[in-house]
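A short worksheet on the structure shown next.
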Amino acid sequence: EAQVTQNPRYLITVTGKKLTVTCSQNMNHEYMSWYRQDPGLGLRQIYYSMNVEVTDKGDVPEGYKVSRKEKRNFPLILESPSPNQTSLYFCASSPNSRSGANVLTFGAGSRLTVL
Amino acid sequence: GDSVTQMEGPVTLSEEAFLTINCTYTATGYPSLFWYVQYPGEGLQLLLKATKADDKGSNKGFEATYRKETTSFHLEKGSVQVSDSAVYFCALTVGGNNRLAFGKGNQVVVIP
């Protein structure tokens, strides 16, 4: 089944404890992206990647890191999480980076709570 | 920058009622427009899209028409069901990449 898989789905952690949210897609998509969803703010893009080894900041990149060493994986790293990073996170992918009409496939989401 | 504005607040309506969710956009180029739907506990999934002016996207009884003159992409359904209860997001992309700008979303609750 074609899908985007995120792990963990739920996580409660404490301020300052490094964590990684993994994202993997099995569709050979070039483009991958991370979003956070907060009440009243909708979805905001954190980072995106046009292809392997190509990443760029989205609208709210502060406090996050990403890497794209392989086409299928796009982990989101929180080096020192803070309570304002408590949110619902979505990874998404699409076939290529060159068409604005491509449809994103989303993962099921990762709910992160930072105490 | 490019942006999408959705009407404020949740929408509560009875089964078989007519649904409209307004979406207007601001873009410097010629955007592709999308409606995504998020069912409870799930990720977003595409509901419909339109890539040029006057295109109509449709799926599952929902429709939206790309109106360049009013910069709008309003979502409509003639007769909603309880299973349509979800959060609906309008979004756009512009240019040669897949950066999506999302609206804030509208919670739709359909009461039996």
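So you know, we letter chains A, B, ... as the sequences are listed, proteins then strands, and number each from 1.
A/Tyr64 and A/Leu11 end up in the same hydrophobic cluster when Ile, Leu, Val, Met, Phe, Trp and Tyr side chains are linked at under 4.5 Å. Linking Ile, Leu, Val, Met, Phe, Trp and Tyr residues whenever their side-chain heavy atoms come within less than 4.5 Å places A/Tyr47 and A/Met32 in a single cluster. Linking ILVMFWY residues whenever their side-chain heavy atoms come closer than 4.5 Å, directly or via other members, places B/Val80 and B/Tyr39 in the same cluster. Under the 4.5 Å side-chain heavy-atom criterion for Ile, Leu, Val, Met, Phe, Trp and Tyr, B/Ile21 and B/Val37 are members of the same hydrophobic cluster. In the hydrophobic clustering of ILVMFWY residues, with side-chain heavy atoms under 4.5 Å counting as a link, B/Trp35 and B/Tyr66 come out together.
Taking the side chain as every heavy atom from C-beta outward, A/Leu104 and B/Leu100 approach each other to under 4.5 Å. Annotation: side chain of B/Lys49 is in contact with side chain of A/Val103 (closest heavy-atom distance under 4.5 Å). When side chains are defined from C-beta on, B/Leu44 counts as touching A/Leu43, because their heavy atoms get closer than 4.5 Å. Residues B/Phe102 and A/Gln37 fail the side-chain proximity criterion, which asks for heavy atoms closer than 4.5 Å.
Contact of A/Arg9 with chain B is made through the side chain alone, with heavy-atom distances under 4.5 Å. For A/Asp59, the parts lying under 4.5 angstrom from a heavy atom of chain B are both the backbone and the side chain.
Summarising the geometry of B/Gln38 relative to A/Leu88, their closest heavy-atom pair is NE2-CD2, 4.4 Å, with the distance given to 0.1 Å.
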